[in-house]
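Taking it in order: structure first as structure tokens, then the write-up.
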Amino acid sequence: MKNIIEMRGIVKRFGNFTANDHIDLLVREGEIHALLGENGAGKSTLMNILYGLYRQDAGEIYCKGKLAHIREPGDAMALNIGMVHQHFMLVQPFTVAENLILGKEPVRGLRLDMAAAKRRIRQVSEEYHFEIDPDARAADISVGMQQRVEILKILLMGAEILIFDEPTATLTPQEIQDFFEICRVLQRRGHTIIIITHKLKEISQISDRVTVIRSGKNIATVETSKVDEGRLAEMMVGRAVRLRPSKERREAGEVVLEMRDVHAKDPRGLPALRGLSLQVRSGEIVGIAGVEGNGQSEIAMVLKGLAPFSKGEVRYQGRSYGKGASVQRLIDSGVSHIPEDRQKSGLVLGMSIRENMILGMEDWARFKWGPFQKQKEITAFAEEMRTRYDIRCTGVGQEAQSLSGGNQQKVILAREIARDPQFMIVCQPTRGLDVGAIEYIHAQILEQRKRGCAILLISYELDEIMELSDRILTIYNGEITAEYQAGQVTSEQIGLAMAGFRAAERTGQDVPEKKAGDAV
Amino acid sequence: MDVLTQLLNGSMLAATFRMATPLILGGTGGVFSERAGIMNLGIEGEMLVGACAAAVVGIATGNAWLGVLGALLSGGLMGLLHAFICIRFHANQTVVGTGVNILATGITPLVLQTLYDSGAASPATPTLEAWSVPFLRDIPFLGAVLGTHSPLTYLALLLVPVSSFVLFRTRFGLRVRAVGEHPRAADTMGVHVYRHQYISVALCGMLAGLGGAYLSLCQVSMFVKGMTNGRGFMAMAAMIFGKWNPWGVLLAALLFGCSDALQMVLQAGGSQIPTDFLLCAPYLLTVAALACFVGKAVSPRQVGKPYIKD
């Protein structure tokens, strides 16, 4: 098969930093080619060069056998190369049709010819089985659907070679499967696809070949069917990686946290928790498995004292929370929280690492002297955490927003663990992180378990739940639908319970229960 | 009593349209500017400069229509200046708008002083004669309300459907709205972000200038220092109250205009309410309208945020 894209000896420097160091990438016509590498390895840079957003300092690009000079996205487009960015470029209040015609609007006289636009969109949408409604507002459709609109956008521009930058980062598991299906349809229709990713599992599911990049250098290009995940991880990180965290068995202690028949509403005032009960014991990780939006966020909000609950009871270390508790009192009594969205609620992005490091502890005697902050003490503390958690930064004065996702998460983790928590609510701890960082974060969470901390893990990644948890609870529509012992249940069984099938509950009860966790 | 008679014979509603005219013009201009993502606090200043230029050109040429042209051009120039500083230097748009207003309050008395040797007011300008529309003026009541008005009032009323069509039905309008909502998306689709911003902000200045011309050539027939007296800000209020939609601006402007007209009628009718309170009415209404509705009105997403290309 011939190569449709050949990038040879690509070099790109940003100041002293070499993002791409003589990278070769050969993409065959009609294949799905994965570009694998950790965050910051240089894969996005390489693709931005191919799409004309950056210009290479050295190296050549051949497209369909001819030397190509790509100076701007328009040049790439002319070569039928299209790119779907990680952050979608959709005008939210516009309809799908308006978004799709922007920049090359069909007109009749002065008027936009929306009827013609919609006809064309429906036709192409059907051709690729996209099921797009051209009249829907972009703001109202799901993330998966928005992605399809983005794909349709570049197809309408005539793209034959499609570049997807981290396409699954914001998708739900079901949407990821739908996305793969779309990729297969595109492939069948003769398109070539390049997927930038750091998720190993997806590579084996969808790609034909994979090129691994590490620290700006090409490591290898291999047939996906000839390597396993472990080997890919090793090539990506440069050392053997433990994909499955090692977890020793241990008996759970007494109940630290208990929720009994809790009812709560979501921010829009709709019921989100409907009589939810669960227990978490010391030295135990309880995983909540479920599709996003079934009440997981509200569990975290209620337990952190950020949202009130209308009915039921929450007890922490034997004491009742009352209806909504003071966040500060909970923090002081050993409740830690790793929030779902590290940028929105985990960090104050405009503040420095050292300031973020003591959030919630700024009133502790250790860090203040009367109304004043003990600057030296705070810096010393931040430096200690930086070393212990290997936070890569220019200094603890660096703004949190300029850190990579993995390092941002480490700052939060350091802060929350530094309080020696008795109970941790851990939400989506590794969303968007690469293998190395995931391995590290998982190890830290298990370390807390070993120390005797009670941990409630909320994650939309079923694999993560299954690897870390001692007990797994499935949540559906604000209720716990089933309980399983880790290691005695398959992901299919959990998947069914997550989808709300009560039948799976019975399967769950067949599992012999050693502990008295009567959470259902 | 008096109010009731005036309502019945339509003269208060006619006054409503007169008072609303500069607000419709300025507010519609604001819609274009903000839909393109440039916050325009400078409408007041652009209106003031327009009023001054209209008077100066009108007096110099003896032709009120040339005065209107002068207002259009000077307002447009102020708009371009505003756009240039906002776009070229990514300046804070609140500061630039305030600067435009201060520039206008400073430069107009200077012009008065230099040309007419008076710091307070210009000599009388030629008046833009009102039009009396045949047939329309003969319809009972409606004729009294809409039959006879300044050409600029009719222009303002015509501008509403035209702007609405331009914004929501044409290629230019779609692009302007895209630029104000998500400039990067527009850019990746090949839309010239800055070009659309320049055009929209200049257009805003021109319309605000026309509003000013209405004040000096139609309402008073001279230019008085600071004569806009907050009408540019009320136009902005009408824009927000009208949810960045020309039809909404029309309704909001008519509401403000109505309270202004009511205030005049009450005052003329020798009302018991102190004049100062009556004069406050339109402004109080503006504040009340904004306080009650601004939370619900959703502005174009990128308004006030400079777009910086990589």
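Letters go in sequence order (proteins before strands), and every chain restarts at 1.
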Evaluate F165(B) against L110(A) for side-chain contact (heavy atoms from CB on, under 4.5 Å), listing each step before the verdict. CA-CA 10 Å; F165(B) 177 81; L110(A) 284 172; 4.2 Å; yes
Region of M157(A) in contact with chain B, defined by heavy-atom distances below 4.5 Å: side chain
Under the 3.5 angstrom rule, does the side chain of R171(B) hit a backbone N or O of E105(A) as a donor-acceptor pair? yes
For a side-chain contact (heavy atoms from CB on, under 4.5 Å) check, start with the C-alpha distance between R184(B) and H87(A), then their side-chain angles and the critical distance, and finish with the verdict. CA-CA 11 Å; R184(B) 199 163 301 280; H87(A) 303 287; over 6 Å; no
Rounded to the nearest 0.5 Å, how far apart are NE2 of H182(B) and CG of L90(A)? 7.0 Å
Does atom NZ of K265(A) have more than 12 heavy-atom neighbours, drawn from other residues, nucleotides or ligands, at distances under 6.0 Å? no
Under the criterion side chain to side chain contact (heavy atoms under 4.5 Å, CB included), which of V191(B), T188(B), V179(B) is the partner of L102(A)? V191(B)
Contact origin within N99(A) toward chain B - heavy atom pairs under 4.5 Å: backbone
Applying side-chain contact (heavy atoms from CB on, under 4.5 Å) to I101(A) and L174(B), what does each step give before you reach the verdict? CA-CA 10 Å; I101(A) 61 171; L174(B) 185 78; 4.1 Å; yes
Would you check if the side chain of R111(A) reaches a backbone N or O of T170(B) as a donor-acceptor pair within less than 3.5 Å? no
Would you say R13(A) has more than 12 foreign heavy atoms packed within less than 6.0 Å of its CZ? no
Please say whether more than 12 non-hydrogen atoms of neighbouring residues, nucleotides or ligands are located less than 6.0 Å from CZ in R169(B). no
Heavy-atom distance under 4.5 Å to chain B: side chain of I154(A), backbone, both or neither? neither
Best-contacting candidate, P73(A), G74(A), P93(A), G109(A), against chain B by heavy atom pairs under 4.5 angstrom: P93(A)
Quick one: CZ on F94(A) to CZ on R177(B), what's the gap to the nearest 0.5 Å? 4.5 Å
Which answer fits K104(A), side chain, backbone, both or neither, if we ask what part of it has an atom under 4.5 Å from a heavy atom of chain B? both
Around atom CZ of F89(B), are there more than 12 heavy atoms of other residues, nucleotides or ligands at under 6.0 Å? yes
Please check if the number of heavy atoms outside R88(B) that lie under 6.0 Å from its CZ is greater than 12. no
Need one label for F172(B): side chain, backbone, both or neither, based on atoms under 4.5 Å from any heavy atom in chain A. neither
Audit row: M189(B), K153(A), side-chain contact (heavy atoms from CB on, under 4.5 Å) steps and yes/no: CA-CA 9 Å; M189(B) 298 295 274; K153(A) 208 189 222 175; 3.4 Å; yes
